[in-house]
Trainee: 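Take this structure first; my questions come after.
Note that the coordinates shown come from a computational prediction; the quantities given were computed from them, not determined experimentally.
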Amino acid sequence: MAVTTFAAIDIGSYEISMKVFEMAKKNGFRELNDVRYQLDLGTGVYSTGKMSMEKVDAVCEILIDFKRMMQDFGVTEYRACATSALREMENPVIVLEQIFRRTGVRVEVLSNAEQHFLGYKSIAAIEAGFKKIIQKGTAILDVGGGSVQVSLFDKDALVTTQSLRMGSVRIRDRLRELEKTNTHYDQLVEEFIRNDLMSFQRLFLKDRTIQNLIIMGDFLTDNIFRDRLVDNTISRDEFVSRYEYVISKSEEELAEEMGIDTEYAALVAPAMVITRCFMNIFDTETIWMPGVSLLDGIAYDFAEKNRFIKSAHNFENDILVAARNISKRYSSAKSHLQGTTDLALGIFDSMKKIHGMGKRERLLLQIAVMLHDCGKYISMGDVAECSYRIIMATEIIGLSTEERQIIASAVRYNTTEFVYYDKFDGEAGVDIDRYLLTAKLAAILRLANAMDRSHYQKVKGMKAVLKDRELQLVLDSDRDISLELGLLKDKVSFFEEVFGIRLVLRRKRRV
C-alpha cells in the first residue's frame, strides 16, 4: 500500500504551526504530529505594512526547525501557506524570497478567499455529518488575527461569504491605548465592531434563519473551552458563563491560568466578544466547535486532489454558487447567462485537443460568463471596465487573486480591444502563462456571448466538431439569427488568431 507523508504549514498572525499527516488510498489520512510556535507577526504589519528583521529571522528559524522535523518523519510532500500577516505587507515578495533562500521552504500567500475555502474544507475533513448540517441554515465563523470570515450555507450550498476586517490582533492593536483608560474593555470592542456587524446583518441576513453556528479554528477550543465541550458543542448559557468569567480576568491572570504568553492571552477577549456578537445576531442556542484549523484544510485539499479521499461535498459547486450570487446581486440576466454558459462550455469541451486547458480553466470560464455583464449595474456605457473593477473588488471563495484577475481581464476584453503582451501594463503582475489563459478565455467568451447578442436565446443547441485544424459549429435555431451571425465575424478572427484553427459556422438545416 502506497503511503505519502505530508506536512501542512501555516504562518499565521499570532502563531506558526505545522501538522504532519500520513496518507493512503485505503485509509485516507491521519495526523501524526502537531507543533506550534507562538509568534506575533500581525502587530506592526497591520499598522505599518512592514515586518521587522527580527521577526523575519524568527520565521526562518522556525521553518528550519520544521524542516528537521519533516526529515525525521520522512515527509515527501508539503505545503506552506501564509495568511493575512504577509498578505497585508507592502513587500511580501521580497520577504518570501528571503525566507526561501534561507530555509529552502517555498511559502505561498493565500488570498482571503483561498484561506477560508481551505478553512471550511477542514470541517469536512473530520465531520462526516458536515453535508447534512449545511442542509439547514448554517454559519461558519472564522475569527483570525487580521479578519473575521463569515460563510452562510443553506440547502447544501454556499449562500455568501464575507470578510470583515476585525480580527483579534487588529482589534488589540487599535484599542491598546484606549484599553488602559477603560474599565469595560468588552464594551469598547463591541462598540468598535458594531457598525460592521450591523451592515453585515442588514445586507446578508435579512429574513434568513441560522440554526447552526460553527466556530472555525482551534484558538478558542484549545485555550478557553478545552474542558467544557461535549461532542464539540457548547450551549449559549455555558458560553455566556465562560464569557463573563474570561472578560473579568486580566491578561496576566488568563496567561497564567491557560499556560500561554501574555501577548497571546491579550487576543482572548477580542475573540470572545466577536463570537458573542455573532451568536447574538444569529440567535443560535448551540455552538459547534470542531477544533480544526487551516492545517487540516490544507491536508484535506491535498488528499482530495491526489485521490487519497473522495469528498461527499461538492466544493467546486460552492465556487459556482458564490459567483452566481454575485451576478444576481448585480441584476445580470439569468436566462442569457445560462444560454451563454452552455455555448461557451460546448466550445471549450469540443477543443480539448487544441486549447490545452483543464478542469480548473473550465471553471474559470464558467465564472467569467456568469460575471461578464455585472458592470451594467454601475454603467451601461462602460460595462467592460466596471465589470473588471467589480470582479477585482469582490472575493470569490476558493479562487486565488491571480485567478480572479484572469477572470476579470477575460471579461474586460470580451467587449474591448485586446491588448497584446508587450503593452499589457494595466494588468500588473500578469505573467505570460496567465496572459495566454486570459486570451483563450476571452476568445471563447466573445464567441459565446455574440451568439446570444439579442438575449433571446435563439440558439437552442450547438454541435461542435473538431477535424484536423478546423472547428465546425453547427447552430440549431428555429428563429432568424442574422444578427448573431453578422456580429460573429470579428469574434471569429480573434478566435482563430488565439487558437490557430479555422472556425466554420453553419446553421442547421431544418426540414
Side-chain angles (χ1 to χ4, degrees), residues 14-15 31 34 36 116 119-145 148-154 164 166-168 171 185-187 189-190 193 197 200-201 205 208-249 251 253-260 264-297:
Y14 47 79
E15 73 174 12
E31 182 182 318
D34 181 359
R36 298 154 188 267
H116 295 290
Y120 91 79
K121 272 193 171 186
S122 68
I123 300 173
I126 68 161
E127 179 52 53
F130 176 68
K131 185 177 177 68
K132 182 178 179 181
I133 289 171
I134 60 176
Q135 293 293 337
K136 298 180 180 179
T138 299
I140 296 180
L141 182 66
D142 189 352
V143 182
V148 171
Q149 190 80 13
V150 193
S151 302
L152 303 181
F153 290 81
D154 199 8
L164 293 78
M166 57 167 71
S168 53
I171 289 174
Y185 181 60
D186 58 321
Q187 294 179 14
V189 174
E190 192 168 340
I193 65 176
L197 287 171
F200 173 82
Q201 186 175 20
L205 288 184
R208 191 175 301 281
T209 300
I210 302 299
Q211 297 184 4
N212 306 306
L213 176 58
I214 302 173
I215 304 298
M216 267 292 302
D218 47 21
F219 179 71
L220 294 181
T221 52
D222 287 357
N223 296 295
I224 302 171
F225 297 105
R226 57 189 169 195
D227 299 324
R228 296 169 180 265
L229 294 177
V230 179
D231 295 329
N232 291 329
T233 63
I234 189 169
S235 67
R236 172 189 285 267
D237 290 342
E238 181 64 24
F239 179 91
V240 171
S241 174
R242 187 62 175 162
Y243 172 90
E244 291 174 350
Y245 174 80
V246 167
I247 293 301
S248 68
K249 297 289 184 177
E251 294 172 7
E253 290 172 325
L254 287 175
E256 183 177 355
E257 182 178 314
M258 297 178 184
I260 57 178
Y264 206 55
L267 305 178
V268 172
M272 290 289 281
V273 174
I274 292 167
T275 303
R276 182 173 183 178
C277 286
F278 275 101
M279 184 178 66
N280 289 338
I281 66 173
F282 292 140
D283 195 27
T284 51
E285 291 299 323
T286 304
I287 301 175
W288 184 37
M289 297 182 178
V292 292
S293 66
L294 177 63
L295 297 172
D296 300 288

Trainee: Does Gln201 have any side-chain contact (heavy atoms from CB on, under 4.5 Å) partners at least two apart in sequence or in another chain, and if so, which?
Mentor: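 Residues passing side-chain contact (heavy atoms from CB on, under 4.5 Å) with Gln201: Met198, Leu205, Ile281.
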
Trainee: Please name all residues satisfying side-chain contact (heavy atoms from CB on, under 4.5 Å) with Thr286, sequence neighbours left out, ordered by chain then number.
Mentor: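 Checked Thr286 against side-chain contact (heavy atoms from CB on, under 4.5 Å); matches are Thr233.
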
Trainee: Please name all residues satisfying side-chain contact (heavy atoms from CB on, under 4.5 Å) with Lys249, sequence neighbours left out, ordered by chain then number.
Mentor: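 Expected list: Tyr245, Glu253, Leu254, Glu257.
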
Trainee: Give every residue pair that meets the salt bridge (Lys or Arg N to Asp or Glu O under 4.0 Å) criterion with at least one member in residues 266-275, sequence neighbours excluded.
Mentor: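 Matches after skipping sequence neighbours: none remain.
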
Trainee: Partners of Ala139 by side-chain contact (heavy atoms from CB on, under 4.5 Å), sequence neighbours excluded?
Mentor: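 For Ala139, the residues satisfying side-chain contact (heavy atoms from CB on, under 4.5 Å) (neighbours in sequence not counted) are Leu152, Ile210, Leu213, Phe282.
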
Trainee: Between atom CD1 of Ile193 and atom CG of Leu164, what is the distance when rounded to the nearest 0.5 Å?
Mentor: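 Nearest 0.5 Å value for the CD1-CG distance: 9.0 Å.
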
Trainee: Sequence neighbours excluded, which residues qualify as salt bridge (charged side-chain N to carboxylate O under 4.0 Å, His left out) partners of Glu31?
Mentor: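 If we apply the salt bridge (charged side-chain N to carboxylate O under 4.0 Å, His left out) test to Glu31, skipping adjacent residues, the hits are Lys19.
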
Trainee: Roughly how far, to the nearest 0.5 Å, is CD1 of Ile214 from CG of Asp142?
Mentor: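 So the CG of Asp142 and the CD1 of Ile214 are separated by 11.5 Å.
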
Trainee: Working to the nearest 0.5 angstrom, can you tell me the gap between Glu15 CD and Leu267 CG?
Mentor: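 Separation between the atoms: 10.0 Å.
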
Trainee: With a 4.5 Å heavy-atom cut-off, do Leu141 and Ile287 have their side chains touching?
Mentor: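 A side-chain contact under 4.5 Å is absent here.
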
Trainee: To the closest 0.5 Å, what do you measure between CZ (Phe153) and CD1 (Ile140)?
Mentor: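 Here the interatomic distance stands at 4.5 Å.
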
Trainee: So do Lys121 and Val292 actually touch side chain to side chain, heavy atoms under 4.5 Å?
Mentor: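 No; the side chains remain at least 4.5 Å from each other.
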
Trainee: Is the side chain of Thr275 donor-acceptor paired with the backbone N or O of Ala271 at a distance under 3.5 Å, no angle test?
Mentor: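 Yes.
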
Trainee: Looking at every non-hydrogen atom in both residues, tell me the closest pair between Phe239 and Met272 and how far apart they are.
Mentor: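 Closest approach of Phe239 to Met272: CZ-O, 4.0 Å.
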
Trainee: Heavy atoms only: give me the nearest Met166-Ile171 pair and the separation to one decimal.
Mentor: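 Heavy atoms only, the tightest pair is O-CD1, 3.2 Å.
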
Trainee: Closer than 3.5 angstrom, by distance alone: can the side chain of Asn280 be matched with the main-chain N or O of Cys277 as a donor-acceptor pair?
Mentor: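 The answer is no, because no donor-acceptor pair under 3.5 Å joins these two groups.
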
Trainee: How many angstroms lie between atom OG1 of Thr209 and atom NZ of Lys136, to the nearest 0.5 angstrom?
Mentor: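 One finds 11.5 Å between OG1 of Thr209 and NZ of Lys136.
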
Trainee: Which pair of non-hydrogen atoms, one from Ser168 and one from Tyr14, has the smallest distance, and what is that distance?
Mentor: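 Result for this residue pair: OG-CE2, 4.1 Å.
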
Trainee: Just verifying a value: how many Å separate Glu285 CD and Met279 CE, rounded to the nearest 0.5 Å?
Mentor: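 These two atoms lie 8.5 Å from each other.
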
Trainee: Would Val143 and Phe278 satisfy side-chain contact (heavy atoms from CB on, under 4.5 Å), going step by step from the backbone distance to the final call?
Mentor: CA-CA 11 Å; Val143 182; Phe278 275 101; over 6 Å; no

Trainee: For Asp154, what residues pass the side-chain hydrogen bond (donor to acceptor under 3.5 Å, both in side chains) criterion, not counting sequence neighbours?
Mentor: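 Applying side-chain hydrogen bond (donor to acceptor under 3.5 Å, both in side chains) to Asp154 gives none.
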
Trainee: Can you see which heavy atom on Pro270 is nearest to which on Tyr185, and at what distance?
Mentor: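 What the structure gives for the nearest pair is CG-OH, 3.8 Å.
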
Trainee: Glu190: which residues meet the salt bridge (charged side-chain N to carboxylate O under 4.0 Å, His left out) condition with it, sequence neighbours left out?
Mentor: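 Residues passing salt bridge (charged side-chain N to carboxylate O under 4.0 Å, His left out) with Glu190: none at all.
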
